[in-house]
Amino acid sequence: AFAATGVNGVYAAIRVKDIRLAAAGVRSLGLKGASITLPHKEAVMACLDYIDPTARRIKAVNTLLNADGSLKGFNTDCAGALQALAEKTTVSGRQIAVIGAGGAARAVAYGALSAGAKVCVFNRSREKGEALAAEMGTEFKPLDEFDAEHCEILVNTTPVGMTPRTEASPVSREALRPGLVVMDIVYHPLKTRLLREAEAAGCLTIDGLSMFVHQGARQFELWTGLPAPTDIMRLAVEAELTALR
């Protein structure tokens with residue numbers, strides 16, 4: 001994206017153990033920003049000067065912007081998920097089942113609720129699932145009680161089905177039905193078992209690459225102030241994933 005827009009920038013992966021020192025490094029070295037990945041999305045919030053209201057509500061930051069030494073935190077997972085859904089379907093007024101109770105589930109649930117959807121949280125762990133549902137003011141059900149007849153959109157936010165355990169799926173093939181919209185945020189592999197079985201069942205599917213690219217595009221825009229070349233970004237990720245096969 002930097003190359004395509006003529007931005008003089010470099011994007012590099014850095015393994016971090018102490019997020020406080022890493023945040024201080026971003027500030028002191030004058031880095032323009034950073035992506036924050038697991039397991040630091042919550043802990044980094046204590047290191048920031050400003051936290052965007054959406055990120056504060058989700059309780060997770062995945063993007064840092066260094067504004068002249070002032071560190072600002074944002075969550076682009078929420079916008080990325082909504083954009084991925086909006087490309088294929090309508091969110092407002094729909095009944096959405098969110099599988100999972102982690103940071104990604106919180107981002108998707110909050111985004112869906114903000115867009116006017118009704119949300120039900122499904123999770124294997126009752127304690128975590130009920131906690132997220134209570135926090136968001138939504139319903140909770142154990143994952144083994146999932147029934148596609150009572151939802152219009154299903155979003156898997158768990159790592160179930162991710163490489164190397166590609167034959168795992170969060171729900172059974174029998175739980176799916178024609179017309180259901182199924183989104184999986186896992187993007188390696190691009191077509192998870194859940195999406196393969198959803199296609200076979202007549203569902204409309206959305207792969208994890210869409211959310212991944214759109215959240216990255218929003219990060220690019222925060223850092224540069226330029227419109228993100230999302231098509232080029234998607235091609236770059238597709239090429240990288242192909243090379244990993």
Side-chain angles (χ1 to χ4, degrees), residues 1-2 9-85 98 100-115 119 121 123 128 131-138 155-159 162 185-187 208-226 228 230 233 237:
F2 288 155
V10 173
Y11 186 79
I14 303 172
R15 188 177 299 279
V16 167
K17 293 184 178 180
D18 189 323
I19 190 61
R20 294 170 299 171
L21 294 177
V26 170
R27 194 194 308 269
S28 63
L29 292 172
L31 303 185
K32 184 64 177 180
S35 300
I36 305 297
T37 61
L38 294 174
H40 304 300
K41 291 185 180 184
E42 295 179 13
V44 74
M45 297 176 74
C47 310
L48 307 179
D49 302 302
Y50 167 83
I51 299 173
D52 178 74
T54 295
R56 189 177 296 280
R57 182 69 178 85
I58 297 171
K59 296 181 179 179
V61 161
N62 77 325
T63 309
L64 297 190
L65 174 64
N66 184 359
D68 298 322
S70 177
L71 290 189
K72 299 182 177 183
F74 301 85
N75 186 299
T76 66
D77 287 333
C78 179
L82 281 181
Q83 186 65 31
L85 285 167
V98 175
R106 185 179 283 108
V108 172
Y110 177 77
L113 290 167
S114 300
V119 174
V121 174
N123 197 52
K128 290 183 178 180
L132 175 58
E135 183 180 334
M136 294 292 168
T138 63
V155 182
N156 173 45
T157 70
T158 75
M162 182 184 293
I185 73 167
V186 172
Y187 56 86
L209 190 56
S210 297
M211 175 179 169
F212 183 69
V213 169
H214 284 300
Q215 66 82 27
R218 178 60 182 142
Q219 291 183 327
F220 176 88
E221 291 169 352
L222 283 167
W223 296 328
T224 67
L226 300 173
T230 52
M233 295 174 78
V237 180

Residue list, ring pair (Phe, Tyr, Trp, His ring centres under 6.0 Å) with Phe220, at least two apart or on another chain: Phe2
Spatial distance of atom [atom1] ([X]) from atom [atom2] ([Y]) [nearest 0.5 Å]:
{"X": "Ile185", "Y": "Thr158", "atom1": "CD1", "atom2": "OG1", "value": "7.5 Å"}
{"X": "Glu221", "Y": "Leu226", "atom1": "CD", "atom2": "CG", "value": "8.5 Å"}
{"X": "Ile58", "Y": "Ser114", "atom1": "CD1", "atom2": "OG", "value": "8.0 Å"}
{"X": "Gln219", "Y": "Ile36", "atom1": "CD", "atom2": "CD1", "value": "9.0 Å"}
{"X": "Leu64", "Y": "Trp223", "atom1": "CG", "atom2": "CH2", "value": "8.5 Å"}
{"X": "Met233", "Y": "Leu209", "atom1": "CE", "atom2": "CG", "value": "10.5 Å"}

Side chains of Asn75 and Asp52 in contact at under 4.5 Å (non-hydrogen atoms): no
Within-4.5 Å side-chain heavy-atom neighbours: Thr63 and Arg218: no
Backbone N/O of Val26 and side chain of Asn66: donor-acceptor pair under 3.5 Å: yes
Intermediate values then yes/no, side-chain contact (heavy atoms from CB on, under 4.5 Å), Val16 and His40: CA-CA 9 Å; Val16 167; His40 304 300; 4.0 Å; yes
Test side chain to side chain donor-acceptor pair (under 3.5 Å) applied to Tyr50 - qualifying residues, sequence neighbours left out: none
Sequence-distant partners of Arg27, side chain to side chain donor-acceptor pair (under 3.5 Å), two or more places apart: Asp49
Heavy-atom closest pair, residues [X] and [Y]:
{"X": "Arg57", "Y": "Arg106", "answer": "O-CD, 4.3 Å"}
{"X": "Thr76", "Y": "Leu222", "answer": "CG2-CD1, 4.1 Å"}
{"X": "Tyr110", "Y": "Cys78", "answer": "CD2-SG, 4.0 Å"}
{"X": "Leu82", "Y": "Ala115", "answer": "CD2-CB, 4.1 Å"}
{"X": "Leu132", "Y": "Gly100", "answer": "CD2-O, 3.9 Å"}
{"X": "Ala67", "Y": "Lys72", "answer": "CB-CE, 4.1 Å"}

Full working for side-chain contact (heavy atoms from CB on, under 4.5 Å) between Asn62 and Gln215: CA-CA 9 Å; Asn62 77 325; Gln215 66 82 27; 3.3 Å; yes
